[in-house]
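Some notes on the structure that comes next.
Computed from heavy atoms alone, side chains included, the values below leave out hydrogens, waters and symmetry copies. Order of the sequence lines fixes the chain letters, A, B, ..., with proteins taken first and strands second; residue numbering starts at 1 for each chain.
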Protein chains: 2
Amino acid sequence: MTSRAEILTAARRLIDRDGWEKLTIRRLAAELGIGATTLYHHIRDKEDLLVQLLEHHISRLQRPQLPRDPRDRIVAAATAMHDALADWPWAAEVLTTDGFVGLLDESALWMVEAIVAGADDHGCTPEQSVHVFRSIWYYTVGEILVRAHTARRLTDEKLPVFRDSFDASQVPHLAAVSKRWRALAVRDTYAEGLRAFVDGLLARAASATSDGVG
Amino acid sequence: MTSRAEILTAARRLIDRDGWEKLTIRRLAAELGIGATTLYHHIRDKEDLLVQLLEHHISRLQRPQLPRDPRDRIVAAATAMHDALADWPWAAEVLTTDGFVGLLDESALWMVEAIVAGADDHGCTPEQSVHVFRSIWYYTVGEILVRAHTARRLTDEKLPVFRDSFDASQVPHLAAVSKRWRALAVRDTYAEGLRAFVDGLLARAASATSDGVG
DNA sequence: ACCTGAACACCGTTCAAGT
DNA sequence: ACCTGAACACCGTTCAAGT
């Protein structure tokens with residue numbers, strides 16, 4: 001008899017040991033010592049497994065104390081969301097869907113709620129608040145996916161990482177930074193970009209509202 | 001004898017007819033009327049095929065007239081980048097790597113150049129300009145991937161699209177917008193978010209520079 | 001109920017052999 | 001040179017059959 005808990009634990013073990021790419025139905029079944037086909041009595045399909053795994057991961061996250069200031073609260077919640085997913089880049093792939101919010105249970109929704117609430121409290125209309133959340137979500141998911149894929153590319157022995165010379169007559173500004181690009185691209189600037197984005201989103205929302213637009 | 005041009009044309013035909021998921025080495029070979037193994041005399045591997053396909057796609061894009069104002073130029077170039085990839089969401093998956101710039105030839109680099117140049121002209125330091133580009137890139141790639149996956153989820157008959165009721169005691173702000181969320185999430189707000197982001201990035205860069213920080 | 005092997009319909013890629 | 005079938009090492013999923 002195989003339980004839900006056993007399956008999720010084995011899946012985590014498999015990911016931690018062999019990497020996310022190696023989590024397949026067949027390998028997971030082998031890890032559990034059962035036939036691949038037996039697994040289908042406990043999960044609907046592979047996506048169902050991934051959603052359950054993600055839900056389990058997020059549910060054990062401790063909820064941080066959020067700042068009172070709406071802007072800071074948005075930043076803090078977005079950062080928590082980012083950090084939760086940064087360790088689990090495959091989760092970001094699962095979540096690349098606007099409907100992801102509907103897939104998660106309440107234990108994960110507080111992050112979405114905090115961002116929408118922060119925008120509301122700052123004076124955004126409901127439309128604007130949803131827009132604030134979606135924009136931040138796009139930025140966050142993009143950052144995680146790009147960084148995860150880059151890390152894989154750098155650790156793989158596949159060589160063509162980055163051409164670091166450019167035709168100065170065609171792309172002068174790129175040519176000027178080309179030698180430093182690699183070092184700069186490796187820096188973690190998520191938080192910096194996030195703050196800039198939140199500033200811009202809230203400023204635009206405020207001016208749109210005062211203009212009577214929106 | 002099979003030429004590079006024939007292969008790329010057949011690949012495009014396959015994607016247009018059957019969808020991006022159906023582009024496999026074996027199907028492409030069949031489309032060309034050759035053995036799967038023969039294809040490996042013309043391409044290094046599947047990734048090589050995808051990069052060539054993407055390069056070909058971007059190279060036939062017409063380069064728009066870019067505004068003189070640095071801020072507007074950044075927005076215009078980012079929008080061009082977005083539009084070029086929005087039609088080809090699979091390309092965004094190929095490009096989810098910080099090193100992607102090094103994979104592309106000069107025919108595609110003008111978009112990157114225009115953004116970096118716009119930031120430079122606005123008074124950003126090289127560090128800040130690279131940061132501006134990377135931030136915009138994360139947002140753009142995130143938006144494209146989320147929307148592409150959402151579209152697939154909506155057209156698929158797989159039902160669990162979005163739970164549109166929330167526990168008002170747990171997530172009151174989400175509960176308040178839940179009925180309108182779906183309609184709002186479907187709206188194309190890329191340009192709106194982009195403008196807010198560029199505003200925020202340039203404002204932060206300016207204040208960091210005047211503070212002597214950065 | 002719970003589990004199974006065999007099978008279906010695929011993948012990307014390699015290799016030794018053919019013309 | 002250019003192309004090939006067969007094979008390797010996999011996938012997710014279904015189905016009829018077993019205990």
One thing to verify: whether R73(B) and E113(B) come together as a salt bridge, which I'm taking to mean a side-chain N less than 4.0 angstrom from a carboxylate O.
no

Looking only at the aromatic ring of each residue, does the gap between the centers of [Y] and [X] stay below 6.0 angstrom?
{"X": "Y138(A)", "Y": "Y190(B)", "answer": "no"}
{"X": "F133(A)", "Y": "W181(B)", "answer": "yes"}
{"X": "F197(A)", "Y": "F197(B)", "answer": "yes"}

For the pair made of [atom1] in [X] and [atom2] in [N], what is the distance, rounded to whole Å?
{"X": "W20(A)", "N": "dC11(D)", "atom1": "CH2", "atom2": "C1'", "value": "14 Å"}
{"X": "L39(A)", "N": "dC2(C)", "atom1": "CG", "atom2": "C1'", "value": "13 Å"}
{"X": "D18(B)", "N": "dC10(C)", "atom1": "CG", "atom2": "P", "value": "12 Å"}
{"X": "E6(A)", "N": "dC3(C)", "atom1": "CD", "atom2": "C1'", "value": "14 Å"}
{"X": "Y40(B)", "N": "dC15(C)", "atom1": "OH", "atom2": "C1'", "value": "13 Å"}
{"X": "R44(B)", "N": "dT14(C)", "atom1": "CZ", "atom2": "C1'", "value": "16 Å"}
{"X": "I43(A)", "N": "dT13(D)", "atom1": "CD1", "atom2": "P", "value": "7 Å"}
{"X": "K22(B)", "N": "dC11(C)", "atom1": "NZ", "atom2": "P", "value": "9 Å"}

If you write DNA chain D from 5' to 3' in dot-bracket form, with Watson-Crick or G-U pairs under 3.5 Å, [ ] for crossing pairs and | for pairs with another strand, what do you get?
||.|||||...|||||.||

Should the side chain of H41(B) and the base of dC2(D) be counted as holding a donor-acceptor pair, with the cut-off at 3.5 Å?
no

Got a donor-acceptor pair under 3.5 Å from the side chain of T37(B) to the base of dC15(C)?
yes

To the nearest 0.5 Å, how far apart are [atom1] in [X] and [atom2] in [Y]?
{"X": "W88(B)", "Y": "I144(B)", "atom1": "CH2", "atom2": "CD1", "result": "13.5 Å"}
{"X": "R187(A)", "Y": "E127(B)", "atom1": "CZ", "atom2": "CD", "result": "6.5 Å"}
{"X": "F166(B)", "Y": "H173(B)", "atom1": "CZ", "atom2": "NE2", "result": "14.5 Å"}

The side chain of K46(A) is closest to which nucleotide in this list: dC3(C), dC11(C), dG12(D)?
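Nucleotide nearest to K46(A)'s side chain: dG12(D).
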
Whether R27(A) contacts dC11(D) is assessed here as follows: a side-chain N or O lying under 4.0 Å from the phosphate OP1 or OP2. Is that the case?
yes

Given dC3(C), is OP1 or OP2 found less than 4.0 Å from the side-chain N or O atoms of H42(A)?
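The answer is yes; a side-chain N or O of H42(A) sits under 4.0 Å from OP1 or OP2.
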
Between dC10(C) and dA9(D), how far apart are the C1' atoms? Round to whole Å, please.
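Pairwise C1' distance, dA9(D) against dC10(C), rounds to 13 Å.
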
Classify T24(A) by what it touches in the nucleic acid, base, sugar-phosphate, or nothing, heavy-atom distance under 4.0 Å.
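If one applies the 4.0 Å heavy-atom cut-off, T24(A) turns out to touch the sugar-phosphate alone, with no base involved.
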
Does G35(B) or A36(A) map to a spot on DNA chain D nearer the 5' end, using the closest nucleotide for each?
G35(B)

Pick the closest DNA chain C nucleotide for I34(A) and for R26(A) by heavy atoms, then say which residue is nearer the 5' end.
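On the 5' side of the pair lies I34(A).
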
